[in-house]
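Quantities reported herein were computed from a predicted structural model and do not represent experimental measurements. Worth knowing before you read on, the calculation uses all heavy atoms, side chains too, and leaves out hydrogens, waters and symmetry mates.
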Amino acid sequence: MALSWNEIKTRANAFSKEWQDESREDAEAKSFWDAFFNVFGITRRRIASFEEPVKKSDGKGGFIDMLWRGQLLVEHKSRGKSLDRAFDQALDYFPGIKERDLPKYILVSDFSKFRLYNLETNEQIEFSLKELYQNVKLFGFIAGYQTQIIKPQDPINIKAAERMGKLHDALKAVGYTGHALELYLVRLLFCLFAEDTTIFEKRLFQDYIETKTHADGSDLAHHLSSLFYVLNQAPEKRLTNLDESLSAFPYVNGKLFAEPLPPAQFDAKMREVLLDLCALDWSLISPAIFGSLFQSIMDSNARRNLGAHYTSEENILKLIKPLFLDALWAEFEKVKGNKNRLLEFHQKLRTLTFFDPACGCGNFLVITYRELRLLELAVLRASITSGQQVLDVQTLINIDVDQFYGIEIEEFPAQIAQVALWLTDHQMNMKISEEFGAYFARIPLKATPHIVCGNALQTDWASVLPPEKCSYILGNPPFLGKSNQSAAQKIDMQLVCGDIKNAGLLDFVSAWYVKAARYINPNAVIAGLTRNLVNKAEMLKQVQHDSGIKCAFVSTNSITQGEQVGVLWAWMLAQGVKIHFAHRTFSWSNEARGKAAVHCVIIGFGLQDVADKTIYEYDDIKGEPHAVKVSNINPYLVDAPDLIIEKSRRPICAVPEMTYGSMPNDGGYLLFSDVEKNELLRLEPNAEKWIKKFVMGDELINNIPRWCLWLVEITPNELRAMPQVLKRVEQVKEIRLKSTRETTRELANSPTLFGEPRQPKSQYLALPRVSSENRRFIPMTFLSPEIIAGDKVYTIENASIYDFGVMMSTMHMAWMRQTAGRLESRYSYTNQITYNNFPWPALRANIHAPLEACAQAVLDARAAHTNASLADLYDPLTMPVNLLKAHQALDKAVDAAYGYKGAATDAARVAFLFERYQQLTSLLPSLTKPKKTRKK
């Protein structure tokens with residue numbers, strides 16, 4: 001056990017007095033350094049060797065005065081000799097030292113002076129022998145008190161994962177696989193952390209491998225098996241004649257080393273890889289992210305993108321701060337001046353429990369635990385009187401890892417989560433030790449995190465943590481759209497959401513919202529929505545608890561947009577769920593090469609309403625948010641009433657209807673590229689009359705030439721006179737007859753026509769159904785009825801220039817971004833939700849003329865760029881200045897038409913539009929299909 005700083009200072013004073021005698025001879029240097037290490041309670045010979053032979057940079061042999069491999073090199077000179085020369089001589093030894101043994105510090109001395117060089121920070125400090133007691137904390141790395149600044153994105157995290165990946169591959173290659181391999185690596189991970197974070201003595205694990213095993217690695221597995229066995233044995237149960245090198249290891253407990261594993265097998269290369277892993281400073285590695293990095297080594301493809309497979313601490317803090325951490329710190333600030341209330345607050349921290357039902361490697365739980373321990377440290381600082389000596393730190397620490405619960409479907413990350421919490425606990429214990437100058441470590445492990453390996457959607461959450469004992473639910477459930485779900489995942493979705501109408505439209509993450517709502521809502525239990533209850537008593541127990549549980553999940557933003565809102569949130573609101581805080585859309589910080597950014601939201605919710613609600617807005621989705629206090633947060637994450645925009649069969653305002661373009665359903669036989677059209681006309685010149693320009697979404701936006709046979713009103717004689725055209729018509733008929741759908745087979749009776757012809761008979765406004773999320777505006781344009789609109793285009797026949805102006809405004813685009821669906825990350829416009837529910841400005845004669853003029857100016861600005869496609873014109877990087885200015889003027893005109901004077905943000909505009917929507921729909925009869933009444 002490490003000495004307290006006060007004891008170390010007392011020993012340092014005694015050491016200085018003993019060695020201040022100038023008559024001490026150089027021959028006593030070894031005794032000097034033995035006594036120096038003893039100041040810190042360390043036996044020098046266990047960790048460092050004298051007169052270490054080495055080949056110097058000039059190729060000649062030499063001897064290092066003292067070397068502690070991987071940590072410290074000491075060069076000692078006679079009293080009064082140059083310390084600069086001593087330092088240069090120390091550096092001269094470096095070429096002959098193995099890379100993994102290179103020291104982090106160089107210490108030079110001449111008995112009367114010390115000079116310490118920190119090679120990692122390029123800092124040095126010099127002091128006299130009598131000043132040693134004032135500088136002992138510089139040698140925290142000897143005493144076991146050194147705390148490191150852990151950088152989540154430090155390259156050492158990647159290096160550690162890559163080296164562990166090599167060891168994983170090598171063991172797997174010799175046939176050591178599955179559960180045994182995973183647990184074996186987890187145990188090695190613990191040992192690597194342990195010897196760099198004072199759980200083990202420094203280099204104890206590395207020295208055991210280097211000194212006790214053969215260089216060819218043949219006996220390494222045997223020695224590791226012995227070590228794992230010893231780590232699970234209490235000292236009183238160990239053999240009395242146990243080898244000293246093994247007996248030096250502490251009893252770990254925690255069941256980490258309890259399970260017997262089949263013996264592995266190593267060779268020389270594998271042994272070197274393990275020693276290279278030992279050479280890393282594992283105290284610099286963050287357990288919060290290494291778990292995810294470590295998990296990625298199991299997948300060779302994922303390993304190419306190491307660094308992408310973790311949730312950043314910044315994003316985790318975005319969730320936990322508003323969920324509970326900010327409130328706890330605020331409460332601490334209120335009570336820190338009152339000892340009794342501070343004691344009650346400290347006791348309260350011990351009662352809190354945290355549950356992540358999709359915990360993965362435990363990132364959220366680890367960061368939560370660390371932040372709680374930092375808060376507890378602030379509590380201890382406030383409660384301990386200045387100058388008061390702390391005799392037993394352990395009695396002061398309340399918070400422990402057994403307050404944390406999780407469910408993870410895969411065994412390996414579940415084990416990592418548990419170990420990561422233990423390691424974080426130890427890191428925080430070291431911080432406490434340094435703070436109060438008294439060593440504190442929870443070894444052997446007694447408290448255990450409650451991490452369950454299982455399917456969270458099939459597991460009864462109450463069996464993991466009864467809801468009456470739960471304080472907070474948090475996490476980052478899987479991101480999978482409906483089209484990306486496996487068959488097994490769809491079964492899980494049906495199990496959880498089967499009684500929710502249209503649940504098949506939902507993203508996978510929605511199931512966690514539904515499970516959480518049922519878990520925290522006692523009324524849902526009564527309604528039979530919580531399944532797998534063991535008996536009536538258990539049900540009553542759940543019903544009786546007053547659920548104050550607060551929840552927050554990171555999710556894909558699609559659950560707050562388009563038709564998913566009506567499916568998920570109509571149900572959630574019906575359960576009494578209230579949204580407490582929300583981060584609107586931001587870009588997930590996974591910046592791996594070749595990996596698309598994920599657009600996410602964070603939603604905090606519970607059954608109880610709260611007075612202080614906050615929306616975190618992002619001016620730049622890759623930037624930092626700013627907090628906006630609001631009166632309510634609705635499912636679209638705006639400050640507006642709890643409204644659900646459902647499908648409507650026709651517009652709620654007096655505007656032209658929007659319809660799909662025509663669906664060919666032709667097997668491609670009625671459609672042509674430029675080359676195909678020219679070839680047909682070469683063979684069949686008379687077909688020109690029946691060939692029309694054809695546009696789908698891509699053609700409309702990118703001005704891609706495409707054509708179709710539009711054979712409406714063609715006579716049989718005309719058709720038979722064109723054999724090439726007739727052949728294509730026959731192919732259309734054939735492909736339709738082969739369809740498994742009856743309606744498509746019926747279309748074979750009219751093979752000259754598109755499957756669903758809906759071509760406007762007059763000029764129409766066309767807009768693509770899908771458009772890039774990078775554009776500020778969905779490009780729309782007027783087209784002649786001679787241009788055939790395909791079914792990837794929406795059409796508004798007889799749309800006016802006024803209609804065009806409102807549709808192209810930022811006001812409408814803000815509404816679209818909130819209510820439209822998503823195809824991948826692109827906007828997927830919907831006529832029945834986005835357009836039909838759009839609240840247009842009130843009809844006033846004085847607003848039409850200026851708005852129409854501004855709309856025409858947009859068309860004129862486009863026309864000035866003759867060869868530019870809509871994609872060119874509306875690319876954020878290439879949008880012409882005149883077009884941008886025309887849109888700015890149009891936005892002012894549209895805002896004036898609404899009488900809108902709010903902020904220029906999407907959130908403010910959408911909140912305004914929701915109020916107008918509520919006003920309009922309160923005056924209208926239901927526009928959705930009437931429900932059929934069942935006969936009794």
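Note that CE of Met811 and CH2 of Trp840 are 13.0 Å apart. Values are rounded to the nearest 0.5 Å. Here Leu568 contributes atom CG and Ile500 contributes atom CD1; the two are 7.0 Å apart, rounded to the nearest 0.5 Å. Atom CG of residue Leu328 and atom CG of residue Leu372 lie 6.5 Å apart, to the nearest 0.5 angstrom. Atoms OG1 and CG, on Thr830 and Asn836 in that order, are 8.5 Å from each other to the nearest 0.5 Å. Annotation: the span from Asn476 atom CG to Trp512 atom CH2 amounts to 10.5 Å, rounded to 0.5 Å.
In this structure, Thr905 has no side-chain hydrogen bond (donor to acceptor under 3.5 Å, both in side chains) partners at least two apart in sequence or on a different chain. Phe324 is linked by a ring-ring contact (aromatic ring centres under 6.0 Å, His included) to Phe354, Tyr472, counting only residues two or more places apart in sequence or in another chain. Remark: Asp326 engages Lys321 in a salt bridge (Lys or Arg N to Asp or Glu O under 4.0 Å) (not counting sequence neighbours). Remark: Ala552 engages Leu319, Leu323, Phe581 in a side-chain contact (heavy atoms from CB on, under 4.5 Å) (not counting sequence neighbours). The side-chain hydrogen bond (donor to acceptor under 3.5 Å, both in side chains) search around Tyr874 returns Arg862, His887, not counting sequence neighbours. Under the side-chain contact (heavy atoms from CB on, under 4.5 Å) criterion, His580 pairs with Lys550, Lys578, Val610, not counting sequence neighbours. Every ring-ring contact (aromatic ring centres under 6.0 Å, His included) that Tyr802 has, sequence neighbours left out, goes to His848. With sequence neighbours left out, the ring-ring contact (aromatic ring centres under 6.0 Å, His included) criterion links Tyr764 to no other residue. For Glu371, there are no side-chain hydrogen bond (donor to acceptor under 3.5 Å, both in side chains) partners, not counting sequence neighbours. For Ala871, the side-chain contact (heavy atoms from CB on, under 4.5 Å) partners two or more places apart in sequence, or in a different chain, are Ile701, Asn702, Arg775, Ser869. Shown here are the ring-ring contact (aromatic ring centres under 6.0 Å, His included) partners of Tyr835, two or more places apart in sequence or in another chain: there are none.
In this structure, His583 contributes its side chain and Lys318 its backbone to a donor-acceptor pair below 3.5 Å. One N or O on the side chain of Thr353 and one on the backbone of Ser471 form a donor-acceptor pair closer than 3.5 Å. A donor-acceptor pair is defined here as one N or O able to donate and one able to accept, closer than 3.5 Å; such a pair exists between the side chain of Glu699 and the backbone of Met696. Asn634 places a side-chain N or O within 3.5 Å of a backbone atom of Tyr636 that can act as its donor or acceptor partner. For the pair Ser772 (side chain) and Asn774 (backbone), a donor-acceptor distance under 3.5 Å is present. Of the possible donor and acceptor atoms, one in the side chain of Arg518 sits under 3.5 Å from a partner among the backbone N and O of Val496. Under the 3.5 Å distance criterion, the side-chain polar atoms of Ser648 are left unmatched by any main-chain donor or acceptor of Pro651.
Checking Asp891 against Thr810 by side-chain atom types alone, a donor-acceptor pair falls below 3.5 Å. For the residue pair Asn882 and Lys885, no side-chain donor N or O sits within less than 3.5 Å of a side-chain acceptor on the partner. Side-chain polar atoms of Ser510 and Asp507 form no donor-acceptor pair below 3.5 angstrom. Ser631 and Asp639 form a side-chain donor-acceptor contact under 3.5 Å, judged by distance and modelled atom types alone. If you check the side chains of Asp906 and Gln818, you find no donor sitting under 3.5 Å from an acceptor.
Classification of the Tyr898-Phe838 ring pair by plane angle, with boundaries at 30° and 60°, yields perpendicular.
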(message) Show, in sequence, the C-alpha distance, side-chain angles and deciding distance for Ile602 and Tyr616, and conclude whether the side-chain contact (heavy atoms from CB on, under 4.5 Å) test is met.
(response) CA-CA 9 Å; Ile602 298 173; Tyr616 296 87; over 6 Å; no

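Side-chain atoms of Asn703 and Asp872, non-hydrogen and from C-beta on, never get closer than 4.5 Å to each other. Contact check for Phe777 versus Val858: no side-chain heavy atoms found under the 4.5 Å cut-off. Residues Thr560 and Ile603 meet the side-chain proximity criterion, which asks for heavy atoms closer than 4.5 Å.
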Kindly list each side-chain donor-acceptor pair under 3.5 angstrom involving residues 908-915, sequence neighbours excluded, with atom names and distances?
residue	atom	partner	partner atom	Å
Arg909	NH1	Asp895	OD1	2.7
Arg909	NH1	Asp895	OD2	3.4
Arg909	NH2	Asp895	OD2	3.3

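Taking the centre of each ring, Tyr829 and His812 come in below the 6.0 Å mark. Phe605 has its ring centre less than 6.0 Å from the ring centre of Tyr513.
The 12-atom threshold is exceeded at CD of Glu333, counting heavy atoms of other residues, nucleotides or ligands nearer than 6.0 Å.
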